[in-house]
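Here's the structure, in structure tokens; my notes come after.
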Amino acid sequence: MIVERITSGIIGLDDLIGGGFQKGKTYLISGEAGTGKTIFCLQFTLEGITKGENTVYLTIDERPTHLVQDAATFGWDLEAPIREKHLNIIDITPEFSELRVGRFKGNVENEKIIDEIRDQVKKVKAKRVVIDPIAPMFASSENQFQLREYIRQLMFSLDDLGTTNLVSSIIDTGSNMISKFGVEEFFASGVIVLWMEREEMVYDRVMMVRKMRGTPIDLRVRKFTIDSKTGITLYG
Ligand SMILES: Nc1ncnc2c1ncn2[C@@H]1O[C@H](COP(=O)(O)OP(=O)(O)OP(=O)(O)O)[C@@H](O)[C@H]1O
Ligand SMILES: [Mg+2]
């Protein structure tokens, strides 16, 4: 069976992952603060818009206007696609102040959030969904078993939407985990990890494709740059 691939929007990455992400699946992009997760998500979004694949972008704890401004520093215009209803950026922080998954009534809240995402996807007939970042959706004090269950439910529900999804997860500084809660990577179809490597007095930005179901991967660490004209570009 031939699997349809969705291009990532990151120059140099698709060749490493069999031509792109598998359509309809959910992928994780993780890294410590400032490693480029949001820029990666923005490039995935813009690639979608360029290809006529409408996108829903969910932010939590970050204002959509800030995202629009950050994108503009690269010369990327998000206002036009928003106006033309090709892009829907939603700050779900207000809903989460009441609904934060697992904080009070658990399951019910999780379903409400999934319904909300489903509604937004319908509204713009989205083909791509981004959640950047996933961590604030979950109360970290939640017991580990419950937390794992909520994350599993959310990520499996994303798979049921038919959209191709990118979820970012922040890695705590200095931790040797590859996600915030240490479970996101199990439920994602693929995982890309971003970090910085020190060489004497300089840090290099690097990434590795850590997991990609149904796709052979090269485990070499790749250097990349973030450039104000092209965003993330992968080398080697
Ligand atoms: N216009 C730009 N040109 C070049 N580099 C930029 C530009 N805008 C941001 N950067 C660089 O990209 C880095 C990564 O930013 P990004 O917001 O994607 O990180 P992040 O992993 O999402 O961080 P956080 O976990 O805090 O959300 C920034 O720290 C900055 O150095
Ligand atoms: Mg970010």
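Every value quoted in this text rests on a predicted model; they were computed, and no experiment measured them. These numbers come from the heavy atoms of this one structure, side chains and all, not from hydrogens, waters or symmetry mates. Both counts, for ligands and for their atoms, begin at 1 and track the order of listing.
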Nearest non-hydrogen protein atom, [atom]:
atom	value
atom 25 (O) of ligand 1	Lys37 NZ, 2.7 Å
atom 1 (N) of ligand 1	Thr73 OG1, 3.0 Å
atom 17 (O) of ligand 1	Thr38 CB, 3.7 Å
atom 10 (N) of ligand 1	Ile39 CD1, 3.9 Å

Which residue pairs satisfy the salt bridge (charged side-chain N to carboxylate O under 4.0 Å, His left out) criterion with at least one member in residues 21-48, sequence neighbours excluded? Glu4-Lys23, Glu47-Lys51
Where does the angle between the aromatic ring planes of Phe187 and Phe156 fall among parallel (under 30°), tilted (30 to 60°) and perpendicular (over 60°)? perpendicular
Scan side-chain atoms only and decide if Asp132 and Thr38 contain a donor-acceptor pair under the 3.5 Å cut-off. yes
Which residues pass the salt bridge (Lys or Arg N to Asp or Glu O under 4.0 Å) test with Arg210, sequence neighbours left out? none
Could you check whether any heavy atom of Gly31 sits closer than 4.0 Å to an atom of ligand 1, since that is the contact criterion I want to use? no
With a 4.0 Å cut-off on heavy atoms, does Arg205 reach ligand 1? yes
Hey, is ligand 1 close enough to Gly36 that some N/O pair sits below 3.5 Å? yes
Sub-3.5 Å N/O-N/O distance, Asp227 and ligand 1: no
Cys41: which of Leu67, Thr59, Val130 passes side-chain contact (heavy atoms from CB on, under 4.5 Å): Val130
Please list all pairs passing the ring pair (Phe, Tyr, Trp, His ring centres under 6.0 Å) test where one or both residues lie in residues 45-78, with sequence neighbours left out. Phe74-Trp76
Best match, Gly75, Ser30, Gly34: closest heavy atom to atom 23 (O) of ligand 1: Gly34
Strictly under 2.8 Å, how many protein N, O or S atoms lie near the Mg ion (ligand 2)? Waters don't count. 1
